[in-house]
There are 2 protein chains.
Amino acid sequence: MTRDDDSPPTPELLFLLGMAFQLVLTEFNERVAAAGYPDLRPVHGMAFQILGAEGATSSELAARLGVTKQAAGQLVDDLERRGYVLRTAHPAGGRRKLVVLTDAARRHLGIAGDVLHDLEAELARRAGADTPLLRAELLRLVHGLAGDDLPPLRPVW
Amino acid sequence: MTRDDDSPPTPELLFLLGMAFQLVLTEFNERVAAAGYPDLRPVHGMAFQILGAEGATSSELAARLGVTKQAAGQLVDDLERRGYVLRTAHPAGGRRKLVVLTDAARRHLGIAGDVLHDLEAELARRAGADTPLLRAELLRLVHGLAGDDLPPLRPVW
DNA sequence: CATCCAAGTAAAGGAGCTTTACAAGCATGA
DNA sequence: TCATGCTTGTAAAGCTCCTTTACTTGGATG
């Protein structure tokens with residue numbers, strides 16, 4: 001009894017999750033691009049968020065992004081060239097370098113946050129989606145699958 | 001008034017959608033791999049589902065997958081080499097070729113469907129997620145963003 | 001029959017990652 | 001003291017999957 005065949009043919013949960021994520025992310029990305037950041041992908045915003053106020057090392061960034069430290073290093077190279085991050089001396093010394101955000105990145109974080117909230121509010125209005133309920137249910141599902149620590153967010157295709 | 005700062009810090013809807021999708025997809029993919037298909041990625045399953053009972057041309061497949069026809073052609077090349085699809089003469093003639101599933105692909109479709117349903121049932125039990133409710137809310141959201149026609153499902157990173 | 005169009009294919013190239021390999025700084029125990 | 005080992009950071013090569021560019025082929029349309 002895995003399926004009720006005379007119910008309306010709702011797409012599978014997995015497909016719905018995928019389409020919802022993709023649609024919201026694409027819309028978000030387009031709005032952020034239109035706001036002056038056409039050359040920043042979602043992963044860059046994720047990196048900014050991880051680096052946050054205190055910064056982090058490339059290796060920490062790699063772990064949180066779920067990629068190799070080389071990939072994270074390349075990302076930092078790129079962002080540094082474009083003026084979004086700086087490699088500074090790490091207080092703990094050693095070979096470590098603390099990657100910190102520049103003001104340009106902080107401005108992006110602020111704008112992206114605004115876009116995100118506007119978008120969610122619009123979804124609640126336009127689609128009539130009960131976003132608090134949706135968030136609660138999704139949080140349950142995520143915790144059920146991943147435990148308490150939230151996993152890195154990566155493309156899975 | 002974009003944020004209520006004294007509410008519990010639930011992650012953003014976009015993040016929750018991403019994590020939920022990724023977790024469920026990864027779990028799904030691992031189970032399918034364990035069931036004997038370690039070399040099939042989600043996009044292959046999507047292709048099987050699109051080709052379905054009647055088959056389709058490479059160009060149709062490309063449109064539904066949201067990639068170029070060359071990319072779809074390469075996918076079909078690969079799947080044909082591995083015995084999952086066949087290029088047959090197209091009833092409409094012309095240069096068209098009808099790509100159809102082999103029995104191997106149909107077996108995969110059946111197993112993947114079972115895995116999907118098992119997984120959803122487990123989620124409802126383990127996580128206590130109200131999956132019908134979740135599906136309804138997600139469907140609302142998707143229709144609100146995409147209209148009636150469901151968009152191709154692609155990686156967005 | 002000349003023209004155009006859509007389908008398929010071929011080849012090159014690029015983005016973004018991994019793998020392999022190595023150098024540099026520090027901690028640890030014998 | 002100092003050899004060992006661990007971890008960070010980098011460098012270089014290679015791989016996968018996609019796109020871009022360009023071409024061929026079969027049929028429709030005037």
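In what follows, every chain begins at residue 1, and chains take the letters A, B, ... in the order their sequences are listed. Atom set for the values below is all heavy atoms of this structure, side chains included, hydrogens, waters and symmetry mates excluded.
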Item checked: Separation of atom CZ in B:Arg95 from atom C1' in C:dG8, rounded to whole Å -> 4 Å
Next item on the list: Rounded off to whole Å, could you give me the CZ-to-C1' distance for the A:Arg96 and D:dT10 pair?
Entry: 17 Å
Notebook entry, point to check: B:Ser58 has a side chain; which of D:dC18, C:dG8, D:dT10 sits nearest to it?
Noted result: C:dG8
Note to self: What's the closest nucleotide to the side chain of A:Arg41 if the choices are C:dC17, D:dT19, C:dT9?
What the structure shows: C:dC17
Notebook entry, point to check: NA contact type, A:Gly94, heavy-atom cut-off 4.0 Å: base, sugar-phosphate, or nothing?
Noted result: sugar-phosphate
Checklist line | Whole angstrom value for the distance that separates P of D:dT8 from CG of A:Leu61 | finding: 13 Å
Margin query: I'd like to know if B:Asp103 and B:Arg107 make a salt bridge, using a cut-off of under 4.0 Å between side-chain N and carboxylate O.
Written below: no
Margin query: Using a strict threshold of under 4.0 Å (side-chain N to carboxylate O), is an ion pair present between A:Asp78 and A:Arg82?
Written below: yes
Margin query: Is the phosphate of C:dT9 approached by B:Arg87 (side-chain N or O, under 4.0 Å from OP1 or OP2)?
Written below: yes
Margin query: With a 4.5 Å cut-off on side-chain heavy atoms, are A:Leu141 and A:Leu13 touching?
Written below: yes
Notebook entry, point to check: Do side-chain atoms of B:Arg87 reach the backbone of B:Val99 as a donor and acceptor pair under 3.5 angstrom?
Noted result: no
Checklist line | Salt-bridge contact B:Arg31-B:Glu27 (side-chain N to carboxylate O under 4.0 Å) | finding: yes
Check: 5'-most contact on DNA chain C: A:Val67 or A:Ala92, nearest heavy atom basis?
Finding: A:Val67
Checklist line | Any N/O donor-acceptor pair, A:Gln70 side-chain to D:dT10 base, under 3.5 Å | finding: yes
Notebook entry, point to check: Heavy atom of residues 74-84 of chain B under 4.0 Å from DNA chain D: which residues?
Noted result: B:Gln74
Notebook entry, point to check: According to a strict under-4.0 Å criterion, is B:Lys69 in side-chain N/O contact with OP1 or OP2 of C:dA6?
Noted result: no
Notebook entry, point to check: For D:dT19, does OP1 or OP2 lie under 4.0 Å from any side-chain N or O of B:Thr68?
Noted result: yes
Next item on the list: Flag the pair A:Phe48 / A:His108 as yes when their ring centroid distance falls below 6.0 Å, and as no otherwise.
Entry: yes
Next item on the list: To the nearest Å, give me how far apart CD (B:Glu60) and P (C:dA7) are.
Entry: 8 Å
Margin query: Expressed as a whole number of angstroms, how long is the span from A:Lys97:NZ to D:dT7:C1'?
Written below: 15 Å
Margin query: With a 6.0 Å cut-off (strictly less than), is the heavy-atom count around CZ of A:Arg135, excluding the residue itself, greater than 12?
Written below: yes
Note to self: Heavy atoms from C-beta onward define the side chain here; which of D:dG9, C:dG8, D:dT19 lies closest to that of B:Arg154?
What the structure shows: D:dT19
